[in-house]
Amino acid sequence: MALMVVKFDLKKRVKLAQTVWFMYWFAVLAGILVLSLGLFFKIELRKRSELMDNNESHFLPNLLILMGLIACGINAFGGKVCYDSLDPVKFAKWKPMLKYFLVFCVCFNGLLLMTSLLCFLMRIPLQFTLAEGIKNGMKFYKDTDTPGRCYMKRTLDLMQMEFRCCGNDNFRDWFEIQWVSNRYLDFSSKEVKDRIGSNVDGQYLMDGVPFSCCNPSSPRPCIQYQMTNNSAHYSYDHYTEELNVWKKGCRDALLSYYGGIMNTIGALVVLVTMLEVAVTVGLQYVNSSLSTLANPEEVESESEGYLLEKTVKETFTDIMAKMKAMGKGGKVEEGGEEAVATVS
Amino acid sequence: MSVGKVNFTKAEREKLAELLWLLNWISVVTGAILLGMGLFLKVEIQTWQEVMSEQGVLFVPHMLITTGLAACGINFLGGKICLDCADTNKFLRWKLVMMPYVICTFFFTACILAGALMCYSIRSQLEESLFLGLRHSMRYYKDTDTPGRCYLKRTLDLLQIQFQCCGNTGYQDWFQVQWISSRYLDLRSMAVVDRLRNNVEGKFLMDSVPFSCCSPLSPRPCIQQQLSRPLAHFNFDQQSQHLNLWRKGCRQALLDHYTGIMQSISLIVLLIWLFELLVLTGVRYLQTAMENVIRLGDPESESEGWILENSLAETARSNFNIIKNLGKCYQVDNDPNINVPAVMAEQEIQSDQVQVQRMG
């Protein structure tokens, strides 16, 4: 028994072919959309690759670009087939390969669904990449004279101002690294010598943050230095001071930014997958309704269209049997040849 | 004689009408573009209107918006009229409206040109407005507790960060205002009291700038305090000083930003004006050609179209006479319905009789 049989007369067939052709053109646009989303995501990752140690995985945007290109291709082809299906002569050209094309479409739709799932899951490795990248970036903040790292200060400052964040987890991360270069430290001064001597690594650590951490919404001028010393500033309590510097950590800020992009892309790819499934079903109906025509020359006659020729279970057992036969087919032939060889 | 006379056959008239219909629809799109540009400029100006002392500059985007809406309306009507003009019968419907429509479109096209020229001329007014506005904002930078001014600090900080500028003309402007609120000054400390006594107005002036003046491009951490004493900082040479803060003044930065936008807008508006002029010329030719066809009586015949029926001087003279006579329409001139006293009436009759005798 065929699955989901629908009766078609000529008018219905023509309408079906036209609708599916129209939907295929939408699907081509959807393919272009997926392609451009992949490109956009790739560019966004590239823009901030310094903050991810140049270590970020471009697998997802590359996959999106590939899927977009394939979608454009098969949708354009499907549209052409639907357009030709109204003319029996032209359709006879496409008939033999249509079965394989439909199987390919089903596999592609599965891959597309997997891609959308990946969009939601890629957040987790990105979190670790960002944590490592920002930590290393902060370490190289002061190295504005080292080739290859001289733009790290600028990148970090611009990032902190744009994303309204400070440090990796919070602003205290800046207390643990030396972010002032030795070139600008007066080593003859007692204060500098004390600070360097006070820790194991000989680093100039201070309870201060760069200016890019400052919050413009603060009612008082920004307090960047001696932040934990309440007596150094008039009417200042660092425990209750909320608006002085940005409270958020840059890892969280960047993660929510990229997470937002990936969630949107994932949702759009799910919608594109649904559209692709719809056009594949439509093409299957067009194909089946034209192949069950009793007399191919008599275009006016009625025919049946179905989703699957047999029930799901029977189709599945058929596929299994075919795959087993393909696996055994090689062996049986070899055995026969050997027997023939030994006989003669 | 006539200005720009051209002969039109019936086929040419129909083709002209179709072409004008298409051009009018394109003009509707350009009108929408004008509207969009006006809205964009309005939003841009309103984003930073706190640092402008007066809102006179808003006149330009309002004019663009009004002109854009008018363009959409006039060209939509024009498209409808031109489509009907292909057929002589339908033209009769629009016959009386055509002349006022052409005059209206002429004035509207002049408005577009005025709008384009205004974009160029607004620069000096904008500069004055920015100078006063920025000076005012810097003075009230510290008043984050005064209602109505509490967001000036944030606006000014964000402005300096976004436009990469510092102060009005340069960073030294910050040395002349007190930008730290007295709430955060320890007025018992000798250092603070000394500074306050140092100047006539009792302001806490320092040679330091807010953090938003800092340039991220500097290789060293930002130096904001004691800027007039380079020796107070270790290894603070000329190059470090140059890269440390933003060198540009915010007035110049904003002026460049808005001048750039308005120059692009005025270029596009000039192109739209040329296009509208073309459409207007076409409509005028179509109007005169159709009127002449009706005058000749035969819808199939050739007719002439022109821009002006007589030469420019004669048309100007006749229009001037019309305007002059408009003023005279209520003067008494032998109107039998007006009661004139008997003596004056007899005098008039006698003078008329004398004239008749002379002529006779």
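Below, chain A is the first sequence line, B the second, and so on; all start at residue 1. Any value given below was found using the heavy atoms of this structure, including those in side chains, with hydrogens, waters and symmetry copies removed. All values derive from a computational prediction rather than experimental measurement.
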Option that, when pairs with chain A are counted at under 4.5 Å, heavy atom only, ranks first among B:Ser189, B:Ser218, B:Ser212, B:Cys214: B:Cys214

Heavy-atom pair count under 4.5 Å with chain B, highest-scoring of A:Arg154, A:Lys153, A:Arg220, A:Arg183: A:Arg220

Within 6.0 Å of OH in A:Tyr83, more than 12 heavy atoms from elsewhere: no

Residue selection (most heavy-atom pairs with chain A, distance under 4.5 Å) from B:Asp186, B:Asp145, B:Leu217, B:Asn235: B:Asp186

More than 12 heavy atoms from other groups under 6.0 Å of CZ on A:Phe22: no

Which of A:Ser212, A:Cys214, A:Cys222 touches chain B most, by non-hydrogen pairs under 4.5 Å: A:Cys214

Proximity breakdown for B:Leu156 and chain A, heavy-atom pairs closer than 4.5 Å: neither

Per-residue contact mode, A:Leu156 against chain B (heavy atom under 4.5 angstrom): neither

Side chain, backbone, both or neither of B:Ile161 within contact of chain A (heavy atoms, under 4.5 Å): side chain

A:Pro216 to B:Asp157 - nearest heavy-atom pair and separation: CB-CB, 3.6 Å

Residue B:Lys203 excluded, over 12 heavy atoms near NZ under 6.0 Å: yes

Atom CZ of A:Arg164: over 12 foreign heavy atoms under 6.0 Å: no

B:Phe175 atom CZ: more than 12 heavy-atom contacts under 6.0 Å: yes

CZ (A:Phe26) with more than 12 external heavy atoms under 6.0 Å: no

Whether over 12 other heavy atoms sit under 6.0 Å from B:His242 NE2: no

Part of B:Pro221 lying under 4.5 Å from any heavy atom of chain A: both

Contact summary for A:Asn215 and B:Phe211, nearest pair of heavy atoms: C-CZ, 4.2 Å

More than 12 heavy atoms of other groups within 6.0 Å of B:Phe234 CZ: yes

Part of A:Asp143 lying under 4.5 Å from any heavy atom of chain B: neither

Which portion of B:Ser215 sits near chain A, non-hydrogen atoms under 4.5 angstrom: backbone

Shortest non-hydrogen contact from A:Tyr234 toward B:Leu185: CE2-O, 3.3 Å

Options A:Ser218, A:Ser235, A:Ser189, ranked by heavy-atom pairs under 4.5 Å with chain B, top entry: A:Ser218

